[in-house]
Enquirer: 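Below you'll find the structure I mean.
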Protein chains: 2
Amino acid sequence: MANYDVKSEVNDKFSLRGRVYHKIRDNILSGVYKENEELKEVSIGEELGVSRTPVREAFRQLELEGLIQIIPNKGAYVTGITIKDVEDIYMMRSKLEGLAARWATTNITKEQMEEMEENIYLSEFHASKGHMEQIAVLDNRFHEIIYEACNSKMLEHQLRDFHEYVLRVRKRTLSQFKRSSESTKEHREIMEAIKAGDADRAEEAANRHIVNAYDNMIKNGLKEIYERGLV
Amino acid sequence: MANYDVKSEVNDKFSLRGRVYHKIRDNILSGVYKENEELKEVSIGEELGVSRTPVREAFRQLELEGLIQIIPNKGAYVTGITIKDVEDIYMMRSKLEGLAARWATTNITKEQMEEMEENIYLSEFHASKGHMEQIAVLDNRFHEIIYEACNSKMLEHQLRDFHEYVLRVRKRTLSQFKRSSESTKEHREIMEAIKAGDADRAEEAANRHIVNAYDNMIKNGLKEIYERGLV
DNA sequence: TCTTGTATGATTGTATACAATTATACCAAA
DNA sequence: TTTGGTATAATTGTATACAATCATACAAGA
């Protein structure tokens, strides 16, 4: 009967196996590997200094995620995240982030609440100064806190993936001064609702936050890259 | 430059590689492999008549899904779907199925619409006769049609997984005569709304359908297996 | 008895070998 | 020139070999 510490080492980014998977995944999500590009096991292996075996294992995972497509006896081809995917993800997030905020309202720990408040304070500071790089990091972390606090493995896993899939778009839109301060304001609303224990208001605010982010994305900057296919 | 038929052979259930993955997955989801059970690469390989390599690749995929946990240099342990997971999935589905129905309203093809209508007719017949086995199959298919018709790779993939994860519970609750006829009635409402092109009504009906299924599940039969952990 | 160290076996991690399949090049025939 | 076929090369699929790590058993000592 197994009785190991469950928290540690699940698909660790720093273990060799995790490294190969994450490296390829990052290269797909960041656009290093482009749409329809063929990924050869030996080439990728050489890039990362490993043999075909760990690469193949990573390929299987990426296929399951839908980031690549493996055609038997032919090869692995980059699918990546298309503009359509990003739009769909935002619509799905606009339903699910609220649920996460709702659950976080009743499950958030004292430490998580404190980190969230600190996150808001810092974000407001950096937003006023126009420090876009820090804003992006804090924005990421804000959502991560909610995912962790919602106490649902399923929802956390799903939203974390979505969050990573749309990273490139988010970075672009958050680098707009106007949107970054709006976003921070919306984060505060969510935080206040969670702190007040008002799950309804937290859900509504979180959903609205994603809808606003989506609208902003559509208005600015998404259309111009529409033609290229991948984000 | 790759230019293959994209539809075919993605993680095919009948290719060797897909077979290993799906077989292990089914054994987890159906409860053949129990919670915390250790899965040994050689044993599983012998069961399926393959070497460690394909088994390891399947393990990596299952780990990504969260169905098993791999502890480096130790082993693979079944996580499976817990009661808590099922509850969470139903809440998430109650937000997402509506979205799928909404999108299906504008994207459904003539063929899909016809299959859906036929599905309802057959379901009503079998529901009145108490043919529970057929009801389960038709219920599955009804939701599958919506997933296919919603025209969103992301949403389809997600809902299909959820659907499979809660299969055991659904089979149990659908075997109740009362719920199966209620469910069929709700399916008809969704179908009528989609056919009428009323996306709002389709979304509302689909979400309510999942909420009803969830409530019924809580009332009947989920509590008694609560203690066992896995569904 | 309990603890600790060591040896042995079991299991996983990775690399490599071999088989099967597919892509490419080249030549011959129309 | 174009087409078709064959040989060769490249690539993937799977099995296996070897290394590294971990679990277990057992004995020695306190």
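Below, read A as the first sequence line, B as the second, and so on, with proteins coming before strands; counting in each chain starts at 1.
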Enquirer: Could you list the residues that satisfy side-chain contact (heavy atoms from CB on, under 4.5 Å) with A:Ala213, not counting sequence neighbours?
Expert: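 Applying side-chain contact (heavy atoms from CB on, under 4.5 Å) to A:Ala213 gives A:Tyr90, A:Arg179.
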Enquirer: Quick one: list whatever passes side-chain contact (heavy atoms from CB on, under 4.5 Å) with A:Thr184, sequence neighbours left out.
Expert: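 For A:Thr184, the residues satisfying side-chain contact (heavy atoms from CB on, under 4.5 Å) (neighbours in sequence not counted) are A:Ser123, A:Glu124, A:Ala127, A:Ile135.
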Enquirer: State whether B:Thr53 places a side-chain N or O below 4.0 Å from either non-bridging phosphate oxygen (OP1 or OP2) of D:dT14.
Expert: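 No, because none of the side-chain N or O atoms of B:Thr53 sits under 4.0 Å from OP1 or OP2 of D:dT14.
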Enquirer: Who pairs with B:Glu164 by side chain to side chain donor-acceptor pair (under 3.5 Å), at least two apart in sequence or on another chain?
Expert: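 So B:Glu164 forms a side chain to side chain donor-acceptor pair (under 3.5 Å) with B:Arg25.
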Enquirer: Could you list the protein-to-nucleotides 10-12 of chain D atom pairs, N/O on both sides, closer than 3.5 Å?
Expert:
from	atom 1	to	atom 2	distance (Å)
D:dT12	O3'	A:Asn73	N	3.4

Enquirer: Measure CZ/B:Arg19 against P/D:dG13 and give the value in whole Å, please.
Expert: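 From B:Arg19 CZ to D:dG13 P: 15 Å.
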Enquirer: Could you tell me which residues satisfy side-chain contact (heavy atoms from CB on, under 4.5 Å) with A:Val32, sequence neighbours excluded, listed by chain and number?
Expert: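 For A:Val32, the residues satisfying side-chain contact (heavy atoms from CB on, under 4.5 Å) (neighbours in sequence not counted) are A:Asn27, A:Ser30.
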Enquirer: Can you sort out the partners of B:His157 under ring pair (Phe, Tyr, Trp, His ring centres under 6.0 Å), two or more places apart, ordered by chain and number?
Expert: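 Not a single residue meets the ring pair (Phe, Tyr, Trp, His ring centres under 6.0 Å) criterion with B:His157.
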